[in-house]
S.K.: 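Just passing along the structure, written as structure tokens.
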Amino acid sequence: MGGAGVEAGEVRENLMEFTGNLRRYPMNDSSWSASEKKLARHAFDKALEAALAKTMAEFKSKASAVTVPSQMWELEAYLREQRRDIDRTFDYRYSQLLYVFTHLIRAGCLDEKLLAGLSQDKRDVIRRDLAFAAGRPASG
């Protein structure tokens, strides 16, 4: 492999910077207090309930518009895709939960106020990711 690729030292440096940043943001199971776990579960369940209600409403609307048999199979494909999206999005691993909450807030399924009882570090991670997704600097 010659000259056009990224230098190994640069890759190693970028990886070290990335993993260093990960260590600044507590997300493993042991960094969640019992009260934070309870609050996170409640917020997660509320967001899942909202996402399922939205999917159910869309399904009912689409089902009422079905007029030919081929549209039934299109509806089935739609439901299958919605289920895959929900299964991918709603990941309740503590190592992923802050990213999940960020995604759910952006999708309109979760009110950030429900996360008020999380530590400042966790809320900062969420706000930073929301700001990044919106293309603006985070405010602390």
Side-chain angles (χ1 to χ4, degrees):
M1 304 227 147
V6 175
E7 297 293 324
E10 187 178 341
V11 169
R12 198 172 16 261
E13 183 179 309
N14 289 339
L15 182 59
M16 288 174 61
E17 180 182 343
F18 176 73
T19 57
N21 286 340
L22 287 179
R23 278 188 231 111
R24 289 193 335 214
Y25 303 110
M27 288 180 276
N28 63 21
D29 186 29
S30 64
S31 69
W32 290 78
S33 70
S35 64
E36 286 180 315
K37 287 179 179 183
K38 184 176 179 178
L39 181 142
R41 183 82 244 181
H42 175 74
F44 183 90
D45 289 345
K46 284 290 192 186
L48 179 57
E49 184 180 307
L52 291 173
K54 179 182 175 191
T55 300
M56 179 74 81
E58 290 171 357
F59 167 74
K60 288 178 180 180
S61 175
K62 289 177 181 291
S64 69
V66 169
T67 59
V68 295
S70 63
Q71 291 174 327
M72 289 188 309
W73 312 131
E74 292 170 13
L75 187 57
E76 177 192 29
Y78 163 79
L79 274 178
R80 192 176 308 113
E81 183 60 32
Q82 293 303 306
R83 183 173 185 167
R84 267 194 297 261
D85 286 349
I86 287 171
D87 288 346
R88 272 191 302 257
T89 299
F90 286 86
D91 181 351
Y92 196 79
R93 291 178 293 166
Y94 290 108
S95 63
Q96 300 300 308
L97 208 47
L98 299 180
Y99 301 116
V100 170
F101 286 156
T102 299
H103 177 79
L104 294 173
I105 291 166
R106 290 188 64 231
C109 294
L110 179 62
D111 185 345
E112 189 176 349
K113 293 174 189 164
L114 287 175
L115 304 176
L118 294 180
S119 70
Q120 187 65 46
D121 287 345
K122 289 180 181 73
R123 290 190 319 245
D124 287 347
V125 168
I126 293 168
R127 286 189 188 115
R128 181 206 67 213
D129 290 348
L130 287 169
F132 177 79
R136 62 185 182 346
S139 59

S.K.: Taking all atoms of both residues into account, what is the closest heavy-atom pair of Phe101 and Ala40, and its distance?
M.R.: CZ-O, 3.6 Å

S.K.: Check whether more than 12 heavy atoms from other residues, nucleotides or ligands sit under 6.0 Å from atom CE of Met56, and answer yes or no.
M.R.: no

S.K.: Quick check: closest heavy atoms across Leu110 and Ala47, and the distance to 0.1 Å?
M.R.: CB-CB, 4.1 Å

S.K.: Does Arg41 offer a backbone N or O that forms a donor-acceptor pair with the side chain of Tyr92 under 3.5 Å?
M.R.: yes

S.K.: Find out whether Asp85 and Arg88 are in side-chain contact, i.e. whether some heavy atom of one side chain is under 4.5 Å from a heavy atom of the other.
M.R.: yes

S.K.: Tell me, do Tyr94 and Lys37 make a side-chain contact under 4.5 Å, heavy atoms counted?
M.R.: yes

S.K.: Is it the case that the side chain of Ser61 and the backbone of Ala57 share a donor-acceptor pair, with hydrogens and angles ignored and the cut-off at 3.5 Å?
M.R.: no

S.K.: Indicate the atoms forming the closest heavy-atom contact of Thr55 with Tyr78, along with that distance.
M.R.: O-OH, 4.1 Å

S.K.: Over all heavy atoms of both residues, which pair between Cys109 and Ala50 is shortest? Give the atoms and the distance, please.
M.R.: O-CB, 3.8 Å

S.K.: Among Val100, Leu130, Asp111, which residue meets the side chain to side chain contact (heavy atoms under 4.5 Å, CB included) test with Ile105?
M.R.: Leu130

S.K.: Between the main-chain N or O of Val68 and the side-chain N or O of Gln71, is there a donor-acceptor pair closer than 3.5 Å?
M.R.: yes

S.K.: For the residue pair Lys122 and Trp32, would you count it as a cation-pi contact if the rule is NZ or CZ under 6.0 angstrom from the ring centre and within 45 degrees of the ring axis?
M.R.: yes

S.K.: Please confirm whether the backbone N or O of Gly117 pairs with a side-chain atom of Glu36, one donor and one acceptor, at under 3.5 Å?
M.R.: no

S.K.: Side chains of Arg123 and Gln120: do they bring a donor and an acceptor to under 3.5 Å?
M.R.: yes

